[in-house]
Amino acid sequence: MSENHAMITAELVDLDLDRAADTKEAAARALAERMVALGRVTDLDGFLADVAAREAQMPTGLDGGIGIPHCRSAHVTEPTLAFGRSARGIDFGAPDGPADLVFLIAAPTGADDAHLTILSSLARQLMDAEFTSALRAATDAERAAALIRGDEAVPAQETAVVPAEGTAAVSAEDTAVVSTEDTAPGAERPDPRAEGGTERFRIVAVTSCPTGIAHTYMAAEALENAAREAGVDLTVETQGSAGFTRLDAETVRRADAVIFAHDVAVRDKRRFAGKPTVDVGVKAGINRPAELIAEAREKAARGDVTTPAGPSPVDNTGESDDSYATKLRTWLMSGVSYMVPFVAAGGLLIALGFAIGGWKIDKAPSVAEHFVWTDHTSWAALLFQTGGLAFAFLVPVLAGYIAYGMADRPGLVPGFVGGSVAVTIEAGFLGGLAAGLLAGAVVMGIQRIRIPAVLRGIMPVVVIPLISAAVVGFLMFLVVGKPIASLQGALTDWLEGLSGANAVVLGVILGLMMCFDLGGPLNKVAYAFAVGGLTHPTDGSLKVMAAVMAAGMVPPLAMALATTVRGRLFTRTERENGKAAWFLGASFITEGAIPFAAADPLRVIPASMAGGAVTGALSMAFDCTLRAPHGGAFVVPLIGQPLLYLLAIAAGVCVSTAVVVLLKSARKTPLAPGQDAADATADASPVPAAV
């Protein structure tokens, strides 16, 4: 590559970062401005929002005085790396204190594998003390850039990170093998357990992080180094952005233990079934690799075997010591996320059936026994009955995938059985929640029991499903199911009897929940509550469904309107997002407001909640009803009191728009005439944070 297009040049190096930055946000901005000056980043604020969103997932500070903020962004034109050095140190959340070496990595969306491999090579080099020492000793920007590019040799080390022009790329292998034996180049690594050799403990590991650029490879490097010191054979599969090479099946079979250091789901986790497993976040793999190897050996010695299954939707999305409340929210979100497609398909089919065949279509005979090809009511009945069957899966799917989120694939059978029992005894949505949690807890309890090796192969297929389904069936039929069914019935009666002030208060609460986290857990709880009422629709449950959908439409529509009437308060990127938010809001996709909340949560979220509360209250006060669980403005013909319903939405949108404009206009740093938010200084609004 030419000097002008190298991943890092002297212009991208700041050896006195203290002059421009004393926080991680300011450091990222100072280095990003250098990228903008070279045309590597097209939108500074948009790029910094992506950096902040990645930082919000997990701090990027590493032991040894290193900060490595990084992200993929549509605002990056080519893979770029900027380097800054701080004498005072900048806090990036590392356990051992501030970072004096800061690397900002910018990867374009859809970056090619070769560039991502080079970035992963840098991540591995940062684990080398000689490399970091050379950077700390560099006296000028050109020398620092040359060290990082590999144009200048690192003292006592010949390894380069980024190849010089005309040389082949130094590739970080997706699967790296470490052994304490010396092996000649090209020679086959001997089996230490063959032919009377000394037995050596074998570990396979998988590392991954949300971006797949830095932490993935740094954890692999740290584990490999610790394995050498411990005299352990270790093979690492790095599931990074550049793809991954799957561990050899024989290597997995011969392994004595497994280490997962990951923050995203491990792909094809079933390969490791029956192995002692250490499961932690990726930063634990970087910060305490020796402890993980020791823990793996201890688990193997105790015969402590776990049974991972397929890629669960909640496979360790954070550190392993998450609070119970965090885990519970994640488990519930797992069930809801799998339930929503059944809601959309089944509910809209039912709505179409009503639209074509009228309100009495639910009394039509089974289309399996009576169907007239030329009669529109037969087609309406077909749509209605097909949608009804899809809707019947809601509670079992909810329960099954809550259990799946807790215990992986072994939780599916007892979860679905428990959910079906909840439907049978009319325990409804609450029964499904209870069944899923019970099923997951039962399976997790069974998995803790030490099982003889001869039985491990049949545990996930026969023993666990058999015992857990029987236990969950007993509990749901005879212990907890009937009280929950009584509670569900009382709740239904209460909804049916709601009128006046009580209905308005419920509308306010539902509106606040729908707009607090814009598609997050609280939003989904309110939505699932409303959808659960449609399984046995009453006038009260139809009002709840109407209020929930109306409130959920408000945030994106309000942000779209605000960017239209006061565009100068928003960045160029936000104004573009505002155009799409019109359609997203009209379609009841609350997530359309997330880009605005991520950039300015302290203003956008309160404004959204204010409008959502107004809309929810008005919808309930107007006695609006809704038989479709989704569709937004496109199912208005299926809404009771449609004109008043649209009025409620319009009122909420106007309130949210007015509040967000007022809050943004009151920012601490006023905008100069002719200046818009895209050109404002860093202190004009809060640092972006993920919602």
Side-chain donor-acceptor pairs of residues 467-478 under 3.5 Å, sequence neighbours excluded:
from, atom 1, to, atom 2, distance (Å)
Ser468, OG, Ile464, O, 2.5
Ser468, OG, Pro465, O, 3.4

Using a 3.5 Å cut-off and no angle test, enumerate the donor-acceptor pairs between side-chain atoms of residues 644-652 and protein atoms at least two apart in sequence or in another chain.
from, atom 1, to, atom 2, distance (Å)
Tyr645, OH, Ala546, O, 2.9
Tyr645, OH, Ala550, N, 3.1

Distance-only criterion, 3.5 Å: show the donor-acceptor pairs between side-chain atoms of residues 431-444 and protein atoms not counting sequence neighbours.
none

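Ala621 approaches Val504 most closely through the heavy-atom pair CB-CG2, 3.9 Å. Summarising the geometry of Phe47 relative to Cys71, their closest heavy-atom pair is CE1-SG, 3.6 Å, with the distance given to 0.1 Å. Smallest separation of non-hydrogen atoms from Ala633 and Met553: N-CE, 3.7 Å. Annotation for Gly411 and Ala403: closest pair O-CB, 3.2 Å, computed over non-hydrogen atoms. Pairing each heavy atom of Gly415 with each of Ala399, the nearest pair is O-CB, 3.3 Å. Among all heavy-atom pairs drawn from Leu663 and Arg603, the shortest one is O-NE, 3.2 Å.
Atom-to-atom distance recorded for Arg575:CZ and Phe570:CZ is 10.0 Å, nearest 0.5 angstrom. In this structure, CG in Asp43 is found 5.0 Å from NE2 in His75, a value given to the nearest 0.5 Å. How far OG of Ser486 is from CD1 of Ile425: 9.0 Å, rounded to the nearest 0.5 Å. Atom CG in Asp600 sits 10.0 Å away from atom OG1 in Thr571 (nearest 0.5 Å). Distance check, rounded to the nearest 0.5 Å: CG of Leu569 to CG of Leu662 gives 10.5 Å. Between Thr590 atom OG1 and Met549 atom CE the span is 10.5 Å, to the nearest 0.5 Å.
For Ser608, there are no side-chain hydrogen bond (donor to acceptor under 3.5 Å, both in side chains) partners at least two apart in sequence or on another chain. When the side chain to side chain contact (heavy atoms under 4.5 Å, CB included) test is applied to Ile589, the partners found at least two apart in sequence or on another chain are Leu584, Ser587, Glu591. In terms of the side chain to side chain contact (heavy atoms under 4.5 Å, CB included) criterion, residue partners of Thr564 (sequence neighbours excluded) are, by chain and number, Trp582. Among residues two or more places apart in sequence or in another chain, the side-chain hydrogen bond (donor to acceptor under 3.5 Å, both in side chains) test is passed with Lys579 by Glu576. Annotation: side chain to side chain contact (heavy atoms under 4.5 Å, CB included) contacts of Leu382 (sequence neighbours excluded): Val367, Phe371, Trp379, Thr386. A search for ring pair (Phe, Tyr, Trp, His ring centres under 6.0 Å) contacts involving Phe393 returns Phe342, not counting sequence neighbours. Applying the side-chain hydrogen bond (donor to acceptor under 3.5 Å, both in side chains) criterion to Thr377, with sequence neighbours excluded, gives Asp375. Under the side-chain hydrogen bond (donor to acceptor under 3.5 Å, both in side chains) criterion, Ser73 pairs with Asp50, not counting sequence neighbours. The ring pair (Phe, Tyr, Trp, His ring centres under 6.0 Å) check on Phe588 picks up Tyr527, His630, with sequence neighbours excluded.
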List the steps, then state whether side-chain contact (heavy atoms from CB on, under 4.5 Å) holds for Ile639 with Thr625.
CA-CA 6 Å; Ile639 294 172; Thr625 59; 5.8 Å; no

side-chain contact (heavy atoms from CB on, under 4.5 Å) for Asp279 and Lys269? Distances and angles first, verdict last.
CA-CA 12 Å; Asp279 195 330; Lys269 207 172 182 182; 3.5 Å; yes

Would Leu561 and Leu557 count as a side-chain contact (heavy atoms from CB on, under 4.5 Å) if you check the C-alpha gap in whole Å, the side-chain angles of each, and the deciding distance to 0.1 Å?
CA-CA 6 Å; Leu561 180 60; Leu557 289 175; over 6 Å; no

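Contact annotation: the side chain of Lys543 approaches that of Asp623 to within less than 4.5 Å [non-hydrogen atoms, C-beta and beyond]. His262 has its side chain out of reach of Val282: every pair of non-hydrogen atoms, C-beta onward, lies at least 4.5 Å apart. Using a 4.5 Å heavy-atom cutoff, the side chains of Tyr401 and Phe416 are in contact. Side chains of Arg54 and Val51 form no contact here, defined as non-hydrogen atoms less than 4.5 Å apart. Residues Val604 and Val660 meet the side-chain proximity criterion, which asks for heavy atoms closer than 4.5 Å. Considering only heavy atoms from C-beta on, Phe384 stays 4.5 Å or farther from Leu352 through its side chain.
Ser208 contributes no side-chain N or O that, together with a main-chain N or O of Thr216, makes up a donor-acceptor pair within less than 3.5 Å. Between the side chain of Glu574 and the main chain of Thr563, no donor-acceptor pair closer than 3.5 Å is present. Using a distance-only test at 3.5 Å, with no hydrogens or angles considered, no donor-acceptor pair links the side chain of Ser619 to the main chain of Thr615. The backbone N or O of Pro365 sits less than 3.5 Å from a side-chain atom of Gln385, completing a donor-acceptor pair.
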